[in-house]
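Counting begins at 1 with the first residue of the sequence. For clarity, every value in this text was computed on a predicted model and none was experimentally measured.
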Amino acid sequence: MEYVESIEIRKVQGLQGERSFTLVLPKEFAVRLGIGKGDFLKCSIDGRRLLVEKVEA
């Protein structure tokens with residue numbers, strides 16, 4: 001798959017409980033990465049970057 005950089009600005013949608021925020025990803029990003037409802041995502045911090053990766057079963 002060819003990588004083409006895409007940038008979109010998104011607003012945090014809200015606070016969920018005591019420990020989570022809801023962030024809506026652009027649909028194009030989710031489709032390109034094969035992310036769907038019920039999938040697990042690994043989140044980590046690299047400096048000032050939030051990294052989100054699909055967890056492969």
Side-chain angles (χ1 to χ4, degrees):
M1 174 181 271
E2 182 179 315
Y3 174 76
V4 177
E5 185 174 329
S6 298
I7 297 174
E8 289 198 27
I9 305 297
R10 294 294 170 121
K11 183 177 181 181
V12 173
Q13 296 293 315
L15 178 63
Q16 300 291 317
E18 294 290 320
R19 298 176 41 141
S20 298
F21 282 95
T22 301
L23 172 66
V24 178
L25 298 175
K27 183 177 180 180
E28 175 190 347
F29 291 11
V31 169
R32 285 176 51 187
L33 295 172
I35 297 170
K37 184 176 180 179
D39 286 342
F40 288 92
L41 303 175
K42 179 173 74 172
C43 301
S44 58
I45 296 173
D46 179 16
R48 293 185 44 116
R49 294 179 180 195
L50 171 63
L51 305 175
V52 180
E53 301 176 60
K54 181 178 177 183
V55 175
E56 298 294 337

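- The other members of the hydrophobic cluster of Phe21, by chain and number, are Val12, Leu15 (side-chain heavy atoms under 4.5 Å, ILVMFWY only).
- Listed by first and then second residue, the salt bridge (charged side-chain N to carboxylate O under 4.0 Å, His left out) pairs that reach into residues 44-55 are Asp39-Lys54, Lys42-Glu53, sequence neighbours excluded.
- Under the 4.5 Å side-chain heavy-atom criterion for ILVMFWY residues, no single connected hydrophobic cluster contains both Phe29 and Leu23.
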- Where do Leu51 and Ile45 land on the side-chain contact (heavy atoms from CB on, under 4.5 Å) test, with the steps shown first? CA-CA 6 Å; Leu51 305 175; Ile45 296 173; over 6 Å; no

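- In this structure, Val55 shares a hydrophobic cluster with Phe40, the cluster being traced through Ile, Leu, Val, Met, Phe, Trp and Tyr side chains under 4.5 angstrom apart.
- Contacts of Ile7 classified as side chain to side chain contact (heavy atoms under 4.5 Å, CB included), with partners at least two apart in sequence or in another chain: Glu5.
- The side-chain hydrogen bond (donor to acceptor under 3.5 Å, both in side chains) contacts involving residues 12-27 comprise Gln16-Thr22, where partners must be two or more places apart or lie in separate chains.
- Pairing each heavy atom of Val52 with each of Cys43, the nearest pair is CG2-SG, 4.3 Å.
- Checked against salt bridge (charged side-chain N to carboxylate O under 4.0 Å, His left out), Glu8 has the following partners two or more places apart in sequence or in another chain: Arg10.
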